[in-house]
Amino acid sequence: MLVLLFSQDSNFTKHTDLPDLPACFQLSVLPWAPCIFLWLTSPFYIFYLKRNNRGYIMMSILNRIKTVLGLILWIVCWTDLFSSFHEMSQNQLKPPVYFVTPLVLGMTMLLATFLIQFERLKGVQSSGVLFIFWTISVLCAIMPFRSKIMNASQAEVSVFTMFYIYFGLTLLQLILSCFNEKPPLFSSVVTDPNVCPETTAGFLSKMTFWWFTRMAIKGYKSPLENKDLWSLNKHDSSELVVPNLLNEWEVEKSKAQRTVMSFCPGAEPNHVSVSPEEEEVLLSKRKEARQPSFLRALLRAFGPYFLIGSAFKLLQDLITFVNPQLLRMLIAFTKQPQAPSWWGYSLAFLMFSASLLQTLILHQHFQYCFVTGMRLRSGIVGAIYRKSLVITNEAKRSSTVGEVVNLMSVDAQRFMDLTTFLNMLWSAPLQIVLALFFLWQNLGPSVLAGVAVMVLLIPFNAFIAMKTRSYQVEQMKYKDERIKLMNEILNGIKVLKLYAWETSFKQKILQIRQKELHVLRKASYLSALSTMAWTSAPFLVALTTFAVFVTVDVNNILDAEKAFVSLSLFNILRFPLNMLPQVISSIVQASVSLKRIQGFLSHDELDPESVDRRNNASGNKYAVSVVNGKFSWAKQDQAALDNINVMVPQGSLLAVVGHVGCGKTSLVCALLGEMEKLEGQISIQGSVAYVPQQAWIQNATLRDNILFGRPYAEQKYRCVLEACALTPDLEVLPGGDQTEIGEKGINLSGGQRQRVSLARALYSGADVYLLDDPLSAVDAHVAKHIFDNVIGPEGALKGKTRILVTHGISFLPQVHNILVLVEGRVSEMGSYQDLLKQNGAFAEFLRNYSLEDIIEDDDMSIMSNDPENPKKMSRRRRCSERRHLESPSEKKELKVEKLIQAETTETGRVKLKVYWEYAKAVGPLLSLFICVLYGCQSATSIGANVWLSEWTNDALLNRTQDRVHMRVGVYAALGISQGVLVMFSSFTLALGKIQAARKLHQTLLDNKFHTPQSFFDTTPIGRIINRFSKDIYVIDEVLPSTVLMFLGTFFASLSTMIVIIFSTPIFALVIGPLALIYFFVQRFYVATSRQLKRLESVSRSPIYSHFSETITGTSVIRAYGRNTAFVLLSDMKVDENQKSYYPGIVSNSSSRMFSVFTVCFYGSSVSHDLQKSVTMSLNWMVRMTSDLESNIVAVERVKEYSETVTEAPWIVKDKQPPPDWPPKGNVEFIDYSVRYREGLDLVLRNISLEVKGGEKIGIVGRTGAGKSSMTLCLFRLLEAADGEIVIDEVKISEIGLHDLRSKLTIIPQEPVLFSGTLRMNLDPFEKYSEEDVWKVLELSHLKKFVSNQPSKLELECSEGGENLRCLVFKKKKILLLHQNGTKLGKGFGACCVNIKKTLIMIHKVLVLDKGKIAEFDTPTNLLAQKGIFYGMAKDAGLA
């Protein structure tokens, strides 16, 4: 009908200088268009508002005006209707449209008025639906508005007047809809001081991202800080996102469980008739069926929101194809001299409007995709964190900390990256099909030749995708291994330095890194082939199509219209063809990540019901009971505890004793539900407090560590400090109980950490206390104080049920009952006297301990034993050791110092030297060669375009046939050479990126192994791991692809400019101002996005630090029931990170949007095609520059940690001591003083001391006296401030650190085990024979334990040595036999401490006080002098 209408009135509408639309069209289609839109969208919109109620908005003046105007519009429309009825009653016949249109408009105005009020009740501040409705209404009324003015003389006054009232009111409604209502009552906007402006932004502001401008201006004026960031939107926060994902995951798991049950309904134990083979098949099938799908959970949790973005993408794709059709009409217009000029302007305006609309819609699509990605990451990180709190010990073996950190950083990031382009999976084929459809219309069946080229490329790319996936899996395996080992190295860096093992472990890391890079290189070469194929694809399609078109038929002439319309369609085709390999690659990577995350989330969890905590039997006299218990560390392991029957009466104290490895710690873990319960029952009445063997301390204040989330009660708190002997320590700690404790209690001694752990338990006020050897790390006199005041029959816990694992035989007479464990079974249980009378395992245990005197419960050190925590080198510890000499004012001033300083961020532009650093890592010549290759590639592209332009000119000169073969041949040569150059540039870039990745990682690794210990004491491990995981990942994979795209875009922009200036020289005048505008836009927005990227990188480290801290303390967190609190803390850190990520993505959209608007308005004076090319090129240029600067921040951060201060060289060539040094073992301190850092007080002052070879010296002193400092000085972990240490006539300050440390032996109080074999842990350099190793194990009382293991010396130690925890932390004597190193051990130290019998074995005792030598003589003489040493011995009950 419309076609007929226009064909009849073509002279009236088009072929005239004063065009107009037919009256029928103006009265029907134009007014109905907005009405149809509103009636179609209203049901969905009302449903959406019902589901998303944001609160109630009080009626404002704005709302009243909009409502009144809506009602007036309804009256105006129906006045028109009644007017028509009146005229009909006057026998004036009118067409039906005069009745239908006012009726429909009136009903629509009522609906709009209803929506105004409904939105107010549902808390909508700005309505998108109504804004679009009023916009369409105004646009559709513009033509009738013009017509009525043109025909004013013929129009009826009433109709004329009513229409202008209608138009005015509609325009007013449109203007009013640009303004916002007030926020709803009780919304977060009112309460949040830093709310995100997006929540209150209007529809227009949201569509154009104008609400972000305030932050962009602030970021441009001065570098953004954390306080400038807005709060995260509620619906993006972990509080809502994570539970939503976990609910869907639970649904998936329950479905999978039901599938298993239905698959094997007879899976009861009575299926005796099934053969073993059938059973194996059944089990394998069940295993296959059991795996729940994490992908489905993700789709259900985040799919609906993502689909909105997909709808925007669909709309944008359809609009993309409007421009080539308008271009065709524009070229046709230029061929018709008689065509009116307004038609050309209209087409140009329509092309401009289409570009503008396309840009608006595209960026909305990106916004939805980015937010989905952000939510995905929050959800995945939250789910992984929650899972890590409850996985079994068996699962921990397969999923190490390194792997889980990778799941959180790399794998979650891959999902985030994928969401941006996931829609291309359906959009690319749609665009290709539409492009081919329009090309068919333009060039006919010749297009099939181009289709054939694309079809041929599919198997090639499928092969590449499959290979890439396999490489991806392999690469992630090596990445996990590297991060896991790096995590262990950083945790045990002190031990590596003391034993001079850095070289061995560095080689291990580099070996893994080499394998990782080898796989990355293969993947990069595949990627280069893929890039070549897809870059050449649009050209090959164009070439084959044009070649076939001009050769199949003599009449087929390639004129300008066909060539340029086809080229614009081929350019549309270029984007989906270029994007497809990236999307496929991202999907391949994400599928690997999906499998890994799904595997981790499907791990078995600890059974919360394994321990019966129901306090149902209030009259039950047993607080803890185990009946026929059988427990193992993993389901398939042999039982660690068997036939355990224990009944612990309410309020009693039970001691658990036994030899090393007999299962004491295992029993405590079984009571906590940490082990697999194979048989039996466990019951615990009431709440539980747990003190682990190795104290777990958080990076928080001392008070927070003790309170552990409970409210502060001063009286109770003071009593706890007194009972746990912590009051004296508070006096020497710089900030008292507000002193910040470093990671893993770095600035506390071993004894202090154990007392804090005990204080935490005591403060908790629990009913049952599980104390796993809490007295092993404290001084003898402190142990006695704690037993008397806390644990013992008269201590603070009397009346509470206590289970105490101990080696302290002196306390056993005071306990109610003793349980003796032998090889995982209960040997005896009874009172002290009863067990002595039985003369069984307990009596033998007492005899052995009396004979061997292997009691290591003390904090007093000797040279070869480091009982104070080796990690107390930090600033706080240093402060505490010099605190006695400071005035109160100094003390007060130091309180504000923080141990762990906030991570620093660079500000301003990324310095050029950072780019130069990356270029140097790639190789300066190679970098230059890559740029030259990209330049040549662009030159061939320009050549191909110019050649095609010449080719089309042949049609005008009628020289088509005689030049066809030459034209096709040269065009093909240019295109193929472009493809070859693309391949070469991709290959050279792949070589360069591998070289850069290797160099940057190696420099970082070298520096970290040479970094002094003080750096590790004050830097959270998560911060360093962040560099080795996320930043190295960016350098390995993200940055090279950004550089590739940047170079491609830069040279494409350059070639576009050259071509346009060549074809339209006048454009050279426009290009200068245009480039300036773009430069300003780029500077304006990049300043903000770059700083946001830095803040995002910095706020990522605490996520990993907190996670690492949580993993080591999961048993403590679970025992105290603090899971929820730690989950909230993790969520808070993730949200803090997303706070800087979210404005970053908006910044990118906002900058691109601003650029497009500028060029669209600027370019409206230039021809559309030029404007389109320039816009696209410059737009991508802004985006790529922004991305490059954002990603180069990773190089900046790695560079920062590659340039930290290093310690002395490991080997000094001209000062190497003789191979047999030290021959005697004489040690001399000459007027020796030391401080921890420049500007701090001395911790050892003027120490002068000589020790002869063969002498055994015990060093004693109170906490903070300087015992550990003296040990650290021997190993040069602290460098001298004054004086010298001489060992056998060699000044240790002159020789290399490895030459020194490899000749000394130390037994740290907390030895670190690395994952690997036991043999590797004892002898990483493989210097010694198997006999030597067995001899060491025998001397360390471990031979029996190790020989009982099936794999003997090849016994696998789990990460952190968890499966050997009880054994290692008790014996503390796993030593490496250094051939000559032991001479110093023999000559200068002994492995014994200050127990009564040991004192007889020690030749001399050195007493330190406030960093000075207080006493130095034989133990007998010192006891006789009755000085400091006598006082300490008396406190411990030894004098």
Side-chain angles (χ1 to χ4, degrees), residues 402 478-479 481-518 520-521 913-914 916-924 992-1036 1039 1101 1192 1194-1213 1215-1216 1275-1277 1279 1295-1302 1312 1314 1324-1325:
Y478 293 133
K479 202 184 286 285
E481 277 181 40
R482 178 170 61 82
I483 299 297
K484 170 192 165 191
L485 184 56
M486 203 64 226
N487 193 54
E488 291 187 54
I489 285 169
L490 293 172
N491 276 308
I493 192 74
K494 182 72 172 284
V495 171
L496 294 187
K497 286 186 180 295
L498 291 170
Y499 290 168
W501 282 1
E502 294 103 323
T503 314
S504 166
F505 279 85
K506 186 173 148 190
Q507 285 311 312
K508 281 175 181 293
I509 289 280
L510 289 176
Q511 282 166 13
I512 299 169
R513 179 69 175 161
Q514 187 54 42
K515 291 176 189 170
E516 188 185 346
L517 289 178
H518 180 63
L520 189 62
R521 182 187 285 110
K913 67 178 180 184
V914 176
W916 174 237
E917 196 74 28
Y918 188 68
K920 274 199 305 184
V922 170
K993 89 168 185 184
I994 299 296
Q995 202 164 303
R998 180 186 286 108
K999 276 186 185 171
L1000 290 168
H1001 177 268
Q1002 185 146 0
T1003 314
L1004 178 65
L1005 190 69
D1006 285 347
N1007 180 275
K1008 284 292 122 315
F1009 273 115
H1010 283 87
T1011 301
Q1013 181 62 34
S1014 56
F1015 174 84
F1016 298 101
D1017 291 343
T1018 55
T1019 307
I1021 287 170
R1023 214 174 273 180
I1024 306 170
I1025 285 287
N1026 195 358
R1027 261 76 175 180
F1028 279 101
S1029 63
K1030 183 66 199 295
D1031 291 320
I1032 289 293
Y1033 158 71
V1034 170
I1035 289 167
D1036 285 357
L1039 187 58
S1101 302
I1192 204 82
V1195 177
E1196 183 181 60
R1197 285 162 56 77
V1198 167
K1199 182 173 177 283
E1200 179 199 354
Y1201 269 35
S1202 302
E1203 295 172 352
T1204 53
V1205 179
T1206 54
E1207 57 190 358
W1210 288 344
I1211 293 169
V1212 180
K1213 288 285 182 193
K1215 293 279 185 182
Q1216 282 190 278
F1275 285 83
R1276 279 180 65 196
L1277 259 71
E1279 296 286 6
I1295 62 174
L1297 293 180
H1298 277 193
D1299 286 334
L1300 169 68
R1301 291 169 185 172
S1302 61
V1312 176
F1314 300 97
F1325 294 98

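- Rounded to the nearest 0.5 Å, atoms CZ (Phe1015) and CD (Glu1207) are 12.5 Å apart.
- Summarising the geometry of Ile483 relative to Phe1028, their closest heavy-atom pair is CD1-O, 3.4 Å, with the distance given to 0.1 Å.
- Considering only residues two or more places apart in sequence or on other chains, Lys913 meets the salt bridge (Lys or Arg N to Asp or Glu O under 4.0 Å) condition with none of them.
- Among residues two or more places apart in sequence or in another chain, the salt bridge (Lys or Arg N to Asp or Glu O under 4.0 Å) test is passed with Arg513 by Glu516, Asp1036.
- Atom CD1 of Ile1024 and atom CG of Leu490 lie 5.0 Å apart (nearest 0.5 Å).
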*What do the steps show when you test Leu485 against Ile509 for side-chain contact (heavy atoms from CB on, under 4.5 Å), and what is the final call?*
CA-CA 7 Å; Leu485 184 56; Ile509 289 280; 3.9 Å; yes
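- Side-chain atoms of Lys1008 come within 3.5 Å of backbone atoms of Tyr1201 as a donor-acceptor pair (strictly under, hydrogens ignored).
- Atom CG in Leu517 sits 5.5 Å away from atom CZ in Arg998 (nearest 0.5 Å).
- Remark: Ala500 pairs with Glu502, His1298, Arg1301, Ser1302 by the side-chain contact (heavy atoms from CB on, under 4.5 Å) rule, at least two apart or across chains.
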*In sequence, state the C-alpha distance, the side-chain angles, and the governing distance for Ser1202 and Glu917, and then conclude on side-chain contact (heavy atoms from CB on, under 4.5 Å).*
CA-CA 12 Å; Ser1202 302; Glu917 196 74 28; over 6 Å; no
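- Checked options Leu510, Ile1032, Leu1000; the residue passing with Leu1005 is Leu510 (criterion: side-chain contact (heavy atoms from CB on, under 4.5 Å)).
- A heavy-atom distance below 4.5 Å is found between the side chains of Arg482 and His1001.
- Taking CG of Leu1039 as the reference point, atom CD1 of Ile1192 lies at 4.5 Å (rounded to 0.5 Å).
- In this structure Glu1279 satisfies the side chain to side chain donor-acceptor pair (under 3.5 Å) test together with Arg1276, sequence neighbours excluded.
- Considering only residues two or more places apart in sequence or on other chains, Lys1199 meets the salt bridge (Lys or Arg N to Asp or Glu O under 4.0 Å) condition with Glu1203.
- Residues passing the side chain to side chain donor-acceptor pair (under 3.5 Å) test with Asn1007, sequence neighbours excluded: Thr1011, Thr1204.
- Taking the side chain as every heavy atom from C-beta outward, Lys1215 and Pro1209 never approach each other to under 4.5 Å.
- Residues passing the salt bridge (Lys or Arg N to Asp or Glu O under 4.0 Å) test with Lys506 are Asp1006, sequence neighbours excluded.
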*Would Arg1027 and Glu1200 count as a side-chain contact (heavy atoms from CB on, under 4.5 Å) if you check the C-alpha gap in whole Å, the side-chain angles of each, and the deciding distance to 0.1 Å?*
CA-CA 10 Å; Arg1027 261 76 175 180; Glu1200 179 199 354; 3.0 Å; yes
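- Considering only residues two or more places apart in sequence or on other chains, Phe1009 meets the ring pair (Phe, Tyr, Trp, His ring centres under 6.0 Å) condition with none of them.
- The structure places CZ of Arg521 at 11.0 Å from NZ of Lys993, a figure rounded to the nearest 0.5 Å.
- Side-chain contact between Asp1299 and Val1212: absent, with no pair of heavy atoms (C-beta onward) separated by less than 4.5 Å.
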*Given the rule in the side-chain contact (heavy atoms from CB on, under 4.5 Å) test, do Lys497 and Leu1297 qualify, once you have shown the distances and angles that lead to the verdict?*
CA-CA 9 Å; Lys497 286 186 180 295; Leu1297 293 180; over 6 Å; no
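- The side chain to side chain donor-acceptor pair (under 3.5 Å) test applied to His1010 returns no partner, not counting sequence neighbours.
- Shown here are the side-chain contact (heavy atoms from CB on, under 4.5 Å) partners of Lys515, two or more places apart in sequence or in another chain: Tyr478.
- Take Phe1016 and apply the ring pair (Phe, Tyr, Trp, His ring centres under 6.0 Å) test, not counting sequence neighbours, and it matches no residue.
- Expressed to the nearest 0.5 Å, how far CD1 of Ile1211 lies from CG of Leu1300 amounts to 12.0 Å.
- Every residue was checked against the side chain to side chain donor-acceptor pair (under 3.5 Å) condition with Glu481, not counting sequence neighbours, and none meets it.
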